[in-house]
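Each remark here refers to the structure printed beneath this line.
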Amino acid sequence: MNDSSVLSSSEESTVFVDALMPLPIPKNFTYRVPRAWAELVEVGMRIVVPFGSSKVLTAVIVRMHHQPPSQYQAKYILEILDDRPLVTSSQIDLFNWVAEYYMCYPGEVFQIALPAGLKISSQSKVQINPAYSLEISLNDKEQCVFQAIQEKGSLSYDEIAQIAELKSPYHLIKSMVAKQAVLIFDELKDRYSPKVIRKIRLTQAYENKEKLVDLIQTLESKPKQLAQLLHYLQFIPVLRNPEVNQKGLDKSSFTQADLSESSLQTLIKNGVFEIFEVIVSRFGQEDSEDFIPAAFELNPAQTTAYQSILQQFQEKDVVLLHGITGSGKTEIYIKLIQEALANGSQVLYLLPEIALTTQIVLRLKRIFGEQLGIYHSKFSDNERVEVWKSIVEGKYPLVVGVRSSVFLPFSNLGLVIVDEEHEASFKQVDPAPRYHARDLAVVLAKQQGAKVLLGSATPSIESYYQAQEGKYGLVTLKERFGKAQLPQMILLDTKYAQKMKQMKGGFSVDLIQALEDNFQKGKQSLLFQNRRGYSPYIQCQDCDWIATCHQCDVSLTFHAREQELRCHYCGYKEGLLRRCSACGSTHLKTMGYGTEKLEEELQLHLPDARIGRMDLDTTRSKTAFNSLLSEISSGNIDVLVGTQMVAKGLDFEGLSMVAIFDADKAINFPDFRAHERAFQLISQVAGRAGRREEQGKVFIQTNQPTHPLLEHIIHNNYEAMYAEEIVEREGYHYPPFSRLIKLTFRNLDASRVETAARHMAAALQNKFGHGRVLGPEKPLIERIRNQFAMEILIKIEKGLALKKFKETLREEMDIQMTGPACKGVQLIIDVDCM
DNA sequence: AGCACGCCGACT
DNA sequence: GTCGGCGTGCTC
Ligand SMILES: [Zn+2]
Ligand SMILES: [Zn+2]
């Protein structure tokens, strides 16, 4: 007798379900299924369950059984939300894998994986008690809150705390409940609502021709109503074909056509028209017109690469495609996608958020049409719910998406493409699970028997190492697409220029000259500086004081357009100071260069040039972003100043020159990945230069022109950079020769953070050895939002049993965290920290 | 994670 | 005396 027959045939025994809860708790909760629903539940369905005294939560069934829990009385489930599983069992396995690997709770993975619209939950709110007799006196604060509730209808605990200016509203609410002034109730947070449009059609009575002709005649005397009817018939030719009436016409069509609303209402009242509602997709049908699969041919280099990838997939599950910028990786991706789709399997195409642009989406849409689903964090939650559900229903065999799309309910994945594989933004920073989508893509693919293609012009050291070791396949594309040549790279020595008095502000005269020349030729240039705002800090010239954030240990960035000082970490802003806060001097000077300042200075050097700026601040709104784009493409901008947004986001045609304002900051950044990152960033920006017929130029300002890394960059020599870097990594036991786990302690009290971190470090060193546990150390920014932090770095050498190590680590940390030294201090665990 | 609860110090 | 902050423990 197998398990399922026990479940369905047994009449006596109640069905219990183990539910994955959307909470940071270590275990699943067990609930009881009402007998009437016993046949309806399945693993992977969402259920609504009671939790605590009055809350409700959405959970996912992960197991069904007949064992009543012995320690407690299981509660009944309240609702079954799905008629088919919305979460696959392989997803549940993946959630558990992620929780274990990234040392968090499965519930946290669940919380991140599902769009909010799929998780209904309740929140406690307070409303007026209708039975309240005004006699029982409320004190001032209570009165104040009472009035606020009367105005708004209801308030959450947080809102009450704010109004009453209390840290915890508990006592106040309790008192008001006791006085029977208010009631506590639970309000469901809004759940997914399908998009509905109202349509109008003729009632059945008028679906035949004669009736309709009669009707038109009777309406001769009522021109407004006749106009309505004719408007309808114009779009829905019922006279010619009565069946089209069923489709109806959008109600908005009438409103827009400037027809009177009341005459429409009359027709509805008289039973001529009827209103009905249809559920429509949020993803407009407007481009469903027959798309032309843009035919293209791979060039010989691409063909070779393509065939090589297919061949290596025979033996390897993961292949790294190392293709320089402009080598045409995307065409290869498309060919592979077409091939996978033709085999009937699903494809996931992962992109960093910054690179998932309308350009690439439109291109794919043109080729794959309705097969393409898009999963972007910029989309509304409702849209993400629709993508999720569609995938469950077998629609969208191809999904282009950002980081979190690795959690979509794929059932038959054949290929995963991770483009810009080296991008650090694939790693989630906050909240848990702090997963790396590229690494998770490999796990997901393995689970589903799919292949993974990692693509990059500058692969991560980790991935390239895997390829060198033979774990991954490797395919290299060294040729630029078409006739395009690699840009010419020129280093500009700012130290020397300084000595020779050849610097104008932050610009060397050579750079100004180059920009000038390019402008005179009528060509477009890009000036790259990865720093937004006007200047990263302002300083008093008399006492060296620097304006800093009150809540963070960072300098405030000056934004000229708003005349504000801003903290880029907590969002704090204040008006520009007139006087030094330390000595009162008025000699405040902007120091360092942000894009805003470069834009301004450059305008002085090139007074006739039209200069544009593209960074987070100029592209906040979609319209601003789009208009900037069209300005660039229509040639209305001569020099574009921008941050990494221009490097990673859009593909511009026709930038013949790129200038990197400051290469040193990235190179000298105090992090073991600094060289790798600098190489990637500068190469990527440089890759924007040049077009089909013409070799582009790249100017790099640096005060260390002999730095080996720059040498590799200007020769586009990734392999040399890798060779140098991998030696460093091995020597210092950094990834890929070890795995890192970062423990961050946070608290408002700096000394408590320090005590906790030291205590934990000592305990861990004792347990795992001093070589494996480094720190604690203060992070680069010691305090953010008044929270102090300290970090411990754990290095796990290759070959050590990872799973076992993490288990032991978790045990040890749990013990220490309950001790007096660590109690109350927040601990953040970041596995494979970047 | 929320939420309930109760201890305790600090004000009228 | 109460008021309000905050640490603790629990949730199937
Ligand atoms: Zn700040
Ligand atoms: Zn001063």
Side-chain angles (χ1 to χ4, degrees), chain A residues 14-34 41 46-79 99 104-114 116 119-126 137-145 155-179 183-189 430-433 747-749 752 756 814 817-828:
Chain A
T14 318
V15 177
F16 291 92
V17 290
D18 290 350
L20 172 56
M21 310 295 285
L23 301 169
I25 49 174
K27 290 191 150 188
N28 295 326
F29 279 10
T30 303
Y31 288 88
R32 183 189 289 262
V33 179
V41 287
R46 295 171 306 141
I47 48 176
V48 178
V49 295
F51 182 76
S53 61
S54 60
K55 265 180 84 80
V56 300
L57 293 173
T58 304
V60 169
I61 300 174
V62 295
R63 195 170 83 91
M64 292 161 43
H65 57 87
H66 287 291
Q67 296 104 45
S70 53
Q71 305 296 308
Y72 52 87
Q73 185 76 34
K75 289 182 181 172
Y76 278 104
I77 66 173
L78 300 174
E79 199 179 335
C104 66
Y105 298 104
E108 293 176 304
V109 185
F110 170 41
Q111 191 71 264
I112 286 293
L114 272 76
K119 298 168 295 191
I120 61 172
S121 67
S122 69
Q123 192 188 19
S124 295
K125 289 201 146 194
V126 178
S137 65
L138 299 174
N139 65 30
D140 290 355
K141 243 175 201 166
E142 288 169 352
Q143 191 59 46
C144 174
V145 169
L155 290 176
S156 71
Y157 287 14
D158 279 356
E159 287 165 330
I160 291 175
Q162 268 193 355
I163 288 162
E165 292 173 316
L166 287 172
K167 287 256 172 89
S168 61
Y170 173 67
H171 295 289
L172 183 94
I173 294 166
K174 185 119 201 201
S175 156
M176 291 178 77
V177 171
K179 289 173 182 170
L183 294 173
I184 295 169
F185 72 105
D186 283 80
E187 188 182 73
L188 288 185
K189 289 187 195 155
D430 247 345
N747 197 274
L748 292 167
D749 181 343
R752 284 184 71 188
D814 284 348
M817 286 310 285
T818 53
C822 299
K823 229 175 189 153
V825 180
Q826 190 193 1
L827 169 62
I828 296 157

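Please read these numbers as outputs of a predicted model, since none were measured by experiment. Each chain gets a letter, A, B and so on, in the order its sequence line appears, and its residues count up from 1.
At the heavy-atom level, A:S124 lies under 4.0 Å from the strands shown only through sugar-phosphate atoms. Residue-level contact check: A:K174 touches the backbone only, with heavy atoms under 4.0 Å from sugar-phosphate atoms and none from bases. Using a 4.0 Å heavy-atom distance criterion, A:P22 is classed as making no nucleic acid contact. Residue contacts for A:L172: at a heavy-atom cut-off of 4.0 Å it reaches no nucleic acid atom on any strand shown. As judged by a 4.0 angstrom heavy-atom cut-off over every strand, A:P69 is placed among residues making no nucleic acid contact.
Rounding to the nearest 0.5 angstrom, the gap separating the CD1 atom in A:I160 from the CE atom in A:M176 is 7.0 Å.
In this structure, A:N139 places its CG atom 7 Å from P of C:dC3, rounding to the nearest Å. Spacing between atom CD of A:E165 and atom P of C:dC3 amounts to 17 Å, rounded to whole angstrom units. Whole-Å rounding puts the A:K27 NZ to C:dC10 P distance at 15 Å. The separation between A:L20 atom CG and C:dT11 atom C1' is 15 Å, rounded to whole Å. For the pair A:F29 CZ and C:dC10 P, the interatomic distance rounds to 12 Å; values are reported in whole Å. Remark: P of B:dA4 and CD of A:Q123 are 12 Å apart, rounded to the nearest angstrom. Taking atom CG of residue A:D140 and atom P of nucleotide B:dT12, one finds them 15 Å apart after rounding to whole Å. To the nearest angstrom, P of C:dC12 lies 17 Å from CD1 of A:I61.
With a 6.0 Å cutoff to the six-membered ring centre and a 45° limit on the axis angle, A:R32 counts as a cation-pi contact of A:Y76.
Under 3.5 Å, the side chains of A:E187 and A:S122 contain no donor-acceptor pair of N or O atoms. Judged purely by distance below 3.5 Å, without hydrogens or angles, the side chains of A:K55 and A:Q123 never pair a donor atom with an acceptor atom.
Between A:V49 and A:F29, the closest side-chain pair of non-hydrogen atoms is not below 4.5 Å.
In this structure, the nucleotide among C:dT11, B:dA4, C:dC12 sitting nearest to the side chain of A:F51 is C:dT11. Of the candidates C:dT8, C:dT11, B:dA4, B:dA4 carries the atom nearest the A:S53 side chain, counting heavy atoms from C-beta on. Which of B:dA1, C:dG4, C:dC3 sits closest to the side chain of A:L166 comes down to C:dG4. Which of B:dG6, B:dA1, B:dG2 sits closest to the side chain of A:K55 comes down to B:dG2.
Between the side chain of A:Y31 and the base of C:dC12, no donor-acceptor pair of N or O atoms lies under 3.5 Å.
Between A:K179 and A:E142, at least one side-chain nitrogen of the basic residue sits less than 4.0 Å from a carboxylate oxygen of the acidic one, meeting the salt-bridge criterion.
Taking only side-chain nitrogens and oxygens, A:K167 never comes nearer than 4.0 Å to OP1 or OP2 of C:dG5. Distances shown here put a side-chain N or O of A:Y157 below 4.0 Å from the OP1 or OP2 atom of B:dA4.
Each of A:H171 and A:Q73 was matched to the nucleotide of DNA chain C holding its nearest heavy atom; the match closer to the 5' end belongs to A:H171.
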